[in-house]
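Sequence positions, counted from 1, serve as the residue numbers for this chain.
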Amino acid sequence: MQQIVAQNAIRHLSTKELRKLLHRYRVTDGKGFQLKDHDPTDTAGHLIDKHHAAALLAGGVEHLSTLQEKLYAQDRWAVLCVFQAMDAAGKDGTIKHVLSGVNPQGVHVTSFKAPSVEEMRHDFLWRAIRALPERGKIGIFNRSHYEEALVVRVHPDLLEKQHLPHELVTRKIWDKRLTAIVGFEHYLAQQGTVILKFFLNLSKEEQKRRFLERLDEPNKNWKFSPADLTERSYWDEYQRAYEAAIAATAAPHAPWFVVPADNKWVTRLVVVAAIIDALDRLDLKPQALTATELANLDEARQALETEDC
Ligand code: ATP
Ligand code: MG
């Protein structure tokens, strides 16, 4: 019984607590950024008590749902949340839990896999642009345009399939892609898209533990792909590529959150807190109706009131 009560309990972080928590993980200036300064096992020190995590997540999910309704009603801003991580860092689970209370009509999740032939016949931002959220909506990128400076950087032979003109494929291509992303995100921010980027920072040890669990537990076997092990063997190359990408693209209007991913309860709380904080800052109010629209409502009321039934 006690357990049921605890599960149903809902608690909210105050704005002050929320901001203190996010300050720990938010990167808005890439100067001097190093992944080694970010601990995947971090549990937010004294800021969160693990025993309250479930209640705080429930409170966050509820709060997010209210804010999303206002975002939709106001219909001015769009929100884009980018999720990047090594395999088994918990992207899917985080997205599922954090958005569990949100009206599905207000959210659109896009998973970016290896690009199709059609996608590769276009510039690298093409498929990301097609998936951008419209005003009033939250767009979730499960992997994103960043893969073009991550997996492709780690495996440069993938560039060959992209059929780029040879003279454009130089050693500077990664810096140029990151600069293009900076411009793209700046443009989106100026058009009313709030951008939040999450790097779920998993340790190599924890990834091993989660892979073994996927192999050992029959109901988790489907989550394992032999390719995951190949990518794991490039761990250091990926860490360097992530570090370069975050350093080049962190900005106040497009912050990165380097979220500890070894403990799922921390990951989920930080992500929900970041989205709540960003929406809270927008001062969301439903659009005021014009005089004509108000007159139409009056007319509709009168029509209903004078109906026979
Ligand atoms: P999960 O494993 O949890 O299902 P996932 O995001 O790892 O999620 P997968 O289908 O396993 O999904 O992998 C997608 C793969 O597509 C990743 O290895 C990723 O690096 C790759 N990918 C994504 N974008 C690109 C890209 N632009 N070029 C090449 N490969 C890409
Ligand atoms: Mg995978």
Could you give the side-chain donor-acceptor pairs of residues 268-286 under 3.5 Å, partners two or more places apart or in another chain?
unit_1, atom_1, unit_2, atom_2, d
Asp277, OD1, Arg19, NE, 2.9
Asp277, OD1, Arg19, NH2, 3.4
Asp277, OD1, Arg281, NE, 3.3
Asp277, OD2, Arg26, NH2, 3.1
Asp277, OD2, Arg281, NE, 3.0
Asp277, OD2, Arg281, NH2, 3.4
Asp283, OD1, Lys285, NZ, 3.2
Asp283, OD2, Lys285, NZ, 2.9

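- A donor-acceptor pair under 3.5 Å is formed between the side chain of Thr170 and the backbone N or O of Lys172.
- In this structure, the side chain of Asp123 engages the main chain of Trp126 through a donor-acceptor pair within 3.5 Å.
- Contact check for Lys91 versus Phe198: no side-chain heavy atoms found under the 4.5 Å cut-off.
- Comment: Lys208 does not engage Glu205 in a salt bridge, judged by the lack of any side-chain N to carboxylate O separation of less than 4.0 angstrom.
- When Glu119, Glu118, His122 are each tested for a side-chain hydrogen bond (donor to acceptor under 3.5 Å, both in side chains) with Arg127, only one passes: Glu119.
- Listed by first and then second residue, the ring-ring contact (aromatic ring centres under 6.0 Å, His included) pairs involving residues 95-120 are Phe112-Phe141 (not counting sequence neighbours).
- Checking side-chain atoms of Thr267 against main-chain N and O of Pro260 turns up a donor-acceptor pair under 3.5 Å.
- Counting heavy atoms of neighbouring residues, nucleotides and ligands inside a 6.0 Å radius, atom CH2 of Trp174 exceeds 12 of them.
- Under the 3.5 Å distance criterion, the side-chain polar atoms of Gln84 are left unmatched by any main-chain donor or acceptor of Lys197.
- A search for side chain to side chain donor-acceptor pair (under 3.5 Å) contacts involving His63 returns nothing, not counting sequence neighbours.
- Distance check, rounded to the nearest 0.5 Å: OG of Ser100 to CG of Leu57 gives 7.0 Å.
- Here the side chain of Asn221 pairs a donor or acceptor atom with the backbone of Leu215 at under 3.5 angstrom.
- Counting non-hydrogen atoms of neighbouring residues, nucleotides and ligands closer than 6.0 angstrom, the NZ atom of Lys204 exceeds 12 such neighbours.
- By the neighbour-count criterion of 12 heavy atoms within 6.0 Å, atom CD of Gln105 is sparsely surrounded, having that number or fewer from other residues, nucleotides or ligands.
- Arg210 places a side-chain N or O within donor-acceptor distance of the main-chain N or O of Asp262, the cut-off being under 3.5 Å.
- Clustering of Ile, Leu, Val, Met, Phe, Trp and Tyr side chains at separations under 4.5 Å places Leu297 together with Leu289, Leu294.
- A ring-centre distance under 6.0 Å is found for Phe184 and His145.
- The only member of Phe257, Tyr242, Phe33, Phe199 that meets ring-ring contact (aromatic ring centres under 6.0 Å, His included) when paired with His38 is Phe33.
- Contacts of His253 classified as side chain to side chain donor-acceptor pair (under 3.5 Å), with partners at least two apart in sequence or in another chain: none.
- The hydrophobic cluster analysis finds Leu304 isolated: no Ile, Leu, Val, Met, Phe, Trp or Tyr side chain comes under 4.5 Å of it, directly or through other members.
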Can you list, pair by pair, the side-chain donor-acceptor contacts under 3.5 Å of residues 243-250, counting residues two or more places apart and other chains?
unit_1, atom_1, unit_2, atom_2, d
Glu243, OE2, Leu35, N, 2.6
Thr249, OG1, Tyr146, OH, 3.2
Thr249, OG1, Ala245, O, 2.6
Thr249, OG1, Trp256, NE1, 2.8

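- Under the ring pair (Phe, Tyr, Trp, His ring centres under 6.0 Å) criterion, Tyr238 pairs with no residue, sequence neighbours left out.
- Side chain of Glu293 to backbone of Thr290: a donor-acceptor contact under 3.5 angstrom is found.
- Residues that satisfy the ring pair (Phe, Tyr, Trp, His ring centres under 6.0 Å) test with His52, not counting sequence neighbours, are absent from this structure.
- Shown here for His12 and Gly59, the closest heavy-atom pair between the two residues is CE1-O, 3.2 Å.
- For Ser14, the side chain to side chain donor-acceptor pair (under 3.5 Å) partners two or more places apart in sequence, or in a different chain, are Glu17.
- Considering only residues two or more places apart in sequence or on other chains, Arg24 meets the side chain to side chain donor-acceptor pair (under 3.5 Å) condition with Asp42.
- Side chain of Thr94 to backbone of Gly90: a donor-acceptor contact under 3.5 angstrom is found.
- Scored by the side chain to side chain contact (heavy atoms under 4.5 Å, CB included) test, Lys36 finds Gln34 as partners (sequence neighbours excluded).
- His155 and Asp157 are not linked by any side-chain donor-acceptor pair at a separation below 3.5 angstrom, with hydrogens and angles left out of the test.
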